[in-house]
Peer 1: 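There's a structure below that I have some questions on.
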Amino acid sequence: MPVSTPDTPGDSPVKSPVKSPLPRRSRRIRAYALTGGRTGTRFQLLVETLISVPQYDPALSDTLMPESRSLYERARVRCSVAELSVGLDLPLGVVRVLLGDLASQGAVFVHPTAHAYHHDTNVLERILDGLKRLPA
């Protein structure tokens, strides 16, 4: 790594910046540039929706853009959409669109939330029965 020498006896040497192993995009990149202008997805991705990677594929990971790759890597451990957004310091809308793209490819699994069952009385009855069976 090159190091410059001081010009005068009181100056300190200046080191060249060290590059990080993963390139970090500038904060100046607009959200619409990451999502191609899209704001929605065909999946209902609530903040509490859990995401996981059913079958990790390193070759797929290498082909993804950095933000999608980071989402894919972090989703190897089941986590919520909100956790992914905060953990990667990306806007929630961007995370939803990128996760929708990954889910469309079959790269991530979108776990159903309680919202998916809100019209299913059978599920609600099973939950109520289970609660009634709990010891007081």
Peer 1: Can you sort out the partners of L134 under side chain to side chain contact (heavy atoms under 4.5 Å, CB included), two or more places apart, ordered by chain and number?
Peer 2: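 L131.
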Peer 1: For a 4.5 angstrom cut-off between non-hydrogen side-chain atoms, does E83 reach S80?
Peer 2: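 With C-beta onward as the side chain, the pair touches.
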Peer 1: So do the side chains of T49 and V47 get within less than 4.5 Å of each other, counting heavy atoms only?
Peer 2: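 Answer no - side chains too far apart.
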Peer 1: Which pairs with one or both residues in residues 77-111 pass ring-ring contact (aromatic ring centres under 6.0 Å, His included), sequence neighbours excluded?
Peer 2: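 Qualifying pairs, neighbours excluded: F109-H111.
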Peer 1: Using the test salt bridge (Lys or Arg N to Asp or Glu O under 4.0 Å), find all partners of R126 that sit at least two apart in sequence or belong to another chain.
Peer 2: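 Once residues adjacent in sequence are excluded, R126 has no partner under the salt bridge (Lys or Arg N to Asp or Glu O under 4.0 Å) criterion.
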Peer 1: Give every residue pair that meets the ring-ring contact (aromatic ring centres under 6.0 Å, His included) criterion with at least one member in residues 54-88, sequence neighbours excluded.
Peer 2: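 Sorted pair list: Y56-Y72.
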Peer 1: With rounding to the nearest 0.5 Å, note down the distance linking OG in S68 to CG in L90.
Peer 2: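 Rounded to the nearest 0.5 Å, the OG-CG separation comes out at 9.5 Å.
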Peer 1: Please list every donor-acceptor pair under 3.5 Å in which a side-chain atom of residues 98-106 meets a protein atom from a residue at least two apart or in another chain.
Peer 2:
from, atom 1, to, atom 2, distance (Å)
D101, OD1, R38, NH1, 2.7
D101, OD2, R38, NH1, 3.4
D101, OD2, R38, NH2, 2.8
S104, OG, G100, O, 3.0

Peer 1: Using side-chain hydrogen bond (donor to acceptor under 3.5 Å, both in side chains) as the criterion, list what pairs up with R76, not counting sequence neighbours.
Peer 2: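 R76 satisfies side-chain hydrogen bond (donor to acceptor under 3.5 Å, both in side chains) with E73 only.
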Peer 1: Check L45, L71, V77 against I51 for a side-chain contact (heavy atoms from CB on, under 4.5 Å) and give me the one that passes.
Peer 2: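 Exactly one pass, corresponding to L45.
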Peer 1: Would you indicate whether the side-chain heavy atoms of V81 and E48 approach each other to under 4.5 Å?
Peer 2: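 Counting from C-beta outward, E48 and V81 never come under 4.5 Å.
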Peer 1: Measure from the side-chain N and O atoms of R69 to the backbone N and O of L64, and report whether any donor-acceptor pair falls under 3.5 Å.
Peer 2: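 At least one qualifying donor-acceptor pair exists.
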Peer 1: So how far is it from C79 SG to L84 CG, rounded to the nearest 0.5 Å?
Peer 2: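 It is 3.5 Å, given to the nearest 0.5 Å.
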Peer 1: State which residues pass side chain to side chain contact (heavy atoms under 4.5 Å, CB included) with S85; sequence neighbours excluded, sorted by chain then number.
Peer 2: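 Here the qualifying residues are L92, V95.
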